[in-house]
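This structure is a prediction, so every number in the text was calculated from the model and none was measured.
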2 protein chains.
Amino acid sequence: MVKYQEAELNDIFSALADPTRRALLARLEEDDDALSVSELAAPFDVSLPAVMKHLNVLSGAGLIARQKTGRTVRVRLQPEKMAHAMEWLRRYERFWTDRLDRLAAFVENAAQNETPTHPATPQDQEDR
Amino acid sequence: MVKYQEAELNDIFSALADPTRRALLARLEEDDDALSVSELAAPFDVSLPAVMKHLNVLSGAGLIARQKTGRTVRVRLQPEKMAHAMEWLRRYERFWTDRLDRLAAFVENAAQNETPTHPATPQDQEDR
DNA sequence: TCAATACTTAACCCCATGGTTAAGTATCAA
DNA sequence: TTGATACTTAACCATGGGGTTAAGTATTGA
């Protein structure tokens, strides 16, 4: 079961390791997150089959979903799995947010429930 | 300059894509974060040269640093670069933390300064 | 029905990656 | 000084990843 998570992280991190794939994800995020395969491929200087392979990797990692309607395929972002990568990284976050932990403790008191994860400017005030 | 960041992300994400390398980092994080190469390699069932290669990849990505004293080499964690990976991922964070944004806003008010990024249980309350 | 469109699959290349074993280089201890 | 220790480098191997071109399969529109 921990093994499974390992494999998932392998897939996610190696999916994110390629700049073209990151660009594809970025495009899906900024555009109305449901582009056809050809629309998606257009800005890139690689062939369509190459983009297909990238899409296969991305959906293999669970980061996108495809939906076929007629002869066109809409691709939409499905970035929930990225949360797992974030979780893994969070373990190391203390190294660059040491002094923010005080604040974190405060927040856990203030807002009984949970701490947020959408900071405006995360690290700039640290200079280490 | 954006190109440079791209290359850096390539290195970081592909360094993290291998389970052995993640385990090495985890070991460096939990132990007193300065182990010798042999100590570091001991728990793994791969050869020392294989571990060496992983360490090369990790230091190539700037995630560890080596310091030679006599004939032993201490390896220490240097996870600051992971912040860049986090930053990249943060762009997508809204997809799984929609309703936490209210809380984030609250925190930004409460603690003028900054929001923390060390939550205890990040995503469970979302079910989408 | 037939051609264009939209995507997919196949077959191939090259080279990077992760592993090996074996040999090489310092350094330490006796 | 000599042998063990700690790490490094070299040489090799198999696999997989990212790219290509070419061919294949639906669908759509005329």
Side-chain angles (χ1 to χ4, degrees), chain A residues 3 6-28 31-32 34-77, chain B residues 3 6-28 31-32 34-77:
Chain A
K3 262 297 174 196
E6 283 298 303
E8 198 188 57
L9 285 174
N10 294 350
D11 292 349
I12 295 169
F13 280 125
S14 53
L16 298 182
D18 184 278
T20 304
R21 283 193 294 263
R22 286 199 307 275
L24 285 168
L25 292 172
R27 210 158 126 60
L28 285 174
D31 274 84
D32 37 13
L35 296 162
S36 75
V37 170
S38 353
E39 284 169 341
L40 206 44
F44 297 94
D45 58 348
V46 295
S47 67
L48 195 62
V51 172
M52 283 292 299
K53 286 195 184 181
H54 285 305
L55 294 179
N56 289 340
V57 171
L58 288 171
S59 63
L63 298 178
I64 60 167
R66 289 189 186 86
Q67 186 178 354
K68 184 167 216 160
T69 352
R71 65 182 160 178
T72 83
V73 172
R74 303 256 121 206
V75 179
R76 71 170 208 282
L77 198 56
Chain B
K3 262 297 172 199
E6 283 298 303
E8 198 188 56
L9 285 175
N10 294 351
D11 291 348
I12 295 169
F13 280 125
S14 53
L16 298 181
D18 184 278
T20 304
R21 283 193 294 265
R22 286 198 307 275
L24 285 168
L25 292 172
R27 211 160 125 60
L28 285 173
D31 274 86
D32 38 12
L35 296 163
S36 74
V37 169
S38 352
E39 284 169 341
L40 206 44
F44 297 94
D45 59 347
V46 295
S47 67
L48 195 62
V51 172
M52 283 292 299
K53 286 195 185 181
H54 285 305
L55 294 179
N56 290 339
V57 172
L58 288 172
S59 63
L63 298 177
I64 60 168
R66 290 184 181 91
Q67 186 178 354
K68 185 167 217 162
T69 353
R71 64 182 161 177
T72 82
V73 172
R74 304 254 120 208
V75 179
R76 71 170 208 283
L77 198 57

> With sequence neighbours left out, what residues match A/Arg74 under salt bridge (charged side-chain N to carboxylate O under 4.0 Å, His left out)?
Replying inline: A/Glu39
>> Distance check needed: D/dA10 C1' versus B/Asn56 CG, whole Å only.
In response: 13 Å
>> Could you work out, with side-chain contact (heavy atoms from CB on, under 4.5 Å) as the rule, every residue matching B/Ala42, not counting sequence neighbours?
In response: none
> Rounded to the nearest Å, what distance is computed from the CG atom of residue B/Leu55 to the P atom of nucleotide D/dT8?
Replying inline: 8 Å
Close N or O pairs between protein and nucleotides 27-30 of chain C (under 3.5 Å):
from: C/dT27; atom 1: O2; to: B/Arg71; atom 2: NH1; distance (Å): 3.2

> Side chain of A/Arg76, backbone of A/Ala34: donor and acceptor closer than 3.5 Å?
Replying inline: no
Filtered N/O pairs between nucleotides 18-25 of chain D and protein, under 3.5 Å:
from: D/dG18; atom 1: OP1; to: A/Arg21; atom 2: NH1; distance (Å): 3.3
from: D/dG18; atom 1: OP1; to: A/Arg21; atom 2: NH2; distance (Å): 2.9
from: D/dG18; atom 1: OP2; to: A/Arg21; atom 2: NH1; distance (Å): 3.1
from: D/dG19; atom 1: OP2; to: A/His54; atom 2: NE2; distance (Å): 2.2
from: D/dG19; atom 1: N7; to: A/Lys53; atom 2: NZ; distance (Å): 3.1
from: D/dG19; atom 1: O6; to: A/Lys53; atom 2: NZ; distance (Å): 2.3
from: D/dT20; atom 1: OP1; to: A/Ser47; atom 2: N; distance (Å): 3.4
from: D/dT20; atom 1: OP2; to: A/Ser47; atom 2: N; distance (Å): 2.9
from: D/dT20; atom 1: OP2; to: A/Ser47; atom 2: OG; distance (Å): 2.5

> Over how many whole Å does the gap from B/Leu40 atom CG to D/dT8 atom P extend?
Replying inline: 11 Å
>> Tell me every residue that passes side-chain contact (heavy atoms from CB on, under 4.5 Å) with A/Ala50, counting only those two or more places apart in sequence or in another chain.
In response: A/Val46, A/Ser47
> Roughly, in whole Å, what's the span from CG in A/Asn10 to P in C/dG18?
Replying inline: 11 Å
Expected list for residues 58-70 of chain B: side-chain donor-acceptor pairs under 3.5 angstrom, two or more places apart:
from: B/Ser59; atom 1: OG; to: B/Leu55; atom 2: O; distance (Å): 3.2
from: B/Ser59; atom 1: OG; to: B/Asn56; atom 2: O; distance (Å): 3.3
from: B/Ser59; atom 1: OG; to: B/Arg66; atom 2: NH1; distance (Å): 3.2
from: B/Arg66; atom 1: NH2; to: B/Asn56; atom 2: OD1; distance (Å): 2.7

>> Counting C-beta onward and ignoring hydrogens, is there a side-chain heavy-atom pair between B/Val75 and B/Ser36 closer than 4.5 Å?
In response: no
>> Which residues pass the side-chain contact (heavy atoms from CB on, under 4.5 Å) test with B/Asp18, not counting sequence neighbours?
In response: B/Thr20, B/Arg21, B/His54
>> Tell me which pairs pass salt bridge (Lys or Arg N to Asp or Glu O under 4.0 Å) where either residue lies in residues 42-65 of chain B, with sequence neighbours left out.
In response: none
